[in-house]
Structures are given as structure tokens and as C-alpha cells.
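Naming convention: chains lettered A, B, ... in sequence-line order (proteins, then strands); numbering from 1 in each chain.
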Amino acid sequence: NAGVTQTPKFQVLKTGQSMTLQCAQDMNHNSMYWYRQDPGMGLRLIYYSASEGTTDKGEVPNGYNVSRLNKREFSLRLESAAPSQTSVYFCASSEDRGLTNEKLFFGSGTQLSVL
Amino acid sequence: DAKTTQPNSMESNEEEPVHLPCNHSTISGTDYIHWYRQLPSQGPEYVIHGLTSNVNNRMASLAIAEDRKSSTLILHRATLRDAAVYYCIPEGGNKLVFGAGTILRVKS
């Protein structure tokens, strides 16, 4: 019963390098989300995908791109990493049956450091 | 999004009840009140949610004020495993906005 799986768990990049964070869910959920969490702060929404083939910007989308590859997978790409993108990244999913009270299920996070 | 106010931190003794308050005076009539918690080095996990009535589940109870401008998460018997950051989130959609939350420390 995996739920939401994120890879990698840890990553160190140099400024300017690119990388893709992977996220997959096995709950047949429609909606998926990417959040970032900086030390001592709450989570901020980067991008979300309400359904396969759609993506929308959240609160802090600059410097990121996303791809909803299929219903299961939602990836987050940093094209040119910057030290300000050092953070813990969380992927989440929800069933999204059009209701307003659905639960989010989170992965365990990717700790990213940009030097 | 409704503005929320939560204490920065609270402390409780093990096996005692804990009442975590949240003010959300600008909540709209259709916003549910969600509570999540985040254990150390983990992603947030759902705790409970409600609209108008008090709610209970196996993890906690949620008491919602009659005017809906505040709510209280109640852990009936705190354990060491309940030490976490607790987030109160009034939200009408699924794009939940997580503030700084309340750090709950549980003493043995």
C-alpha cells in the first residue's frame, strides 16, 4: 500500500544544474500537487494538476515546470537551479470528485539543496 | 483565502487532553475547516475536517464555534507520537494553504 511515492529522497545540485523530481500515486486519484516547505515555515503550493493533461500555477511557480505524464505520475522540473530553491518538496494527491472537503495524501518529501 | 491565527507552540503532558485553538474570522460560509499535522521529517497527514457541526474520529475531535470564526482541535489523550506541527486550514477548494501551524510538544 504505497500511497504517494517521491524520488529521490535527497538531492544536492550546483547552481544552474537541472533536475526532475518524480512523484507517483497508486490510489487512482485525479488531482496531484507540488508543495515546497522552507525551514520553519508552512507549505506553499507550486503547481497542481486537477486531472490528467491539465496543470495550473499555484502560489510560487517561478523557476519550475511540471508534467502530468499520466494519471499516476506528476513530475516537477527545475531547469536552472538556484540557491533560493533549496527546500523540502512534497507531492500530494486527492481523489477530487468535485467535492470541497477531500483529503490530501502526501509523500514523504524530497530534500533538495542547491549550492 | 481565510486568514488563520494559531499559537506558535503549545506544550502538553503525556496522557492529558490537548486543545489546539485556531481563529479564522474571515472564513466564508462554504469553507470547510481542515486540520492536518506534520510529524518530524514526514509529509503532512490528514487529521479531521468539518463545516458547522462538531466532528469526531479515531484521531481527534473538532469543535467549531457557532459563528464559525474559530475552532479547536482536541486530542483526548496526548501521546509522545502526537508531537507534531498542527495546521488549521479553512478552505473551500482542494488547494489547501498551509500556514506556520502550532508546534505541539508532549512531555513524558
* Asked: When rounded to the nearest 0.5 angstrom, what is the spacing between OG in B/Ser41 and NZ in A/Lys9?
  -> 11.5 Å

* Treat each ILVMFWY residue as a node, draw an edge where side-chain heavy atoms are under 4.5 Å apart, and state whether B/Leu80 and B/Tyr86 are in one component. => yes

* Same apolar cluster: A/Phe90 and A/Tyr33, side chain cutoff 4.5 Å -> yes

* **B/Ile48 reachable from B/Met59 in the ILVMFWY side-chain graph, under 4.5 Å edges** => yes

* Ring centroid separation A/Phe106 to B/Phe98 under 6.0 Å -> yes

* Asked: What do you reckon, is CZ of B/Arg77 surrounded by more than 12 foreign heavy atoms closer than 6.0 Å?
  -> no

* To do: Measure A/Leu45 against the heavy atoms of chain B and call it side chain, backbone, both or neither at under 4.5 Å.
  => side chain

* A/Leu13 reachable from A/Leu76 in the ILVMFWY side-chain graph, under 4.5 Å edges -> yes

* Structure fact -> So, the part of A/Gln37 with a heavy atom under 4.5 Å from chain B: the answer is side chain

* From A/Leu104 CG over to B/His34 NE2, what is the distance, rounded to the nearest 0.5 angstrom? -> 8.0 Å

* **Largest heavy-atom contact set with chain A, pairs under 4.5 Å, which of B/Gly99, B/Gly43, B/Pro44** => B/Pro44

* Honestly curious: do A/Val60 and A/Val114 fall in one hydrophobic cluster under the side-chain, below-4.5 Å linking rule? -> yes

* Can you name the closest pair of heavy atoms from A/Lys103 and B/Tyr46 and give their distance? -> CE-CE2, 3.5 Å

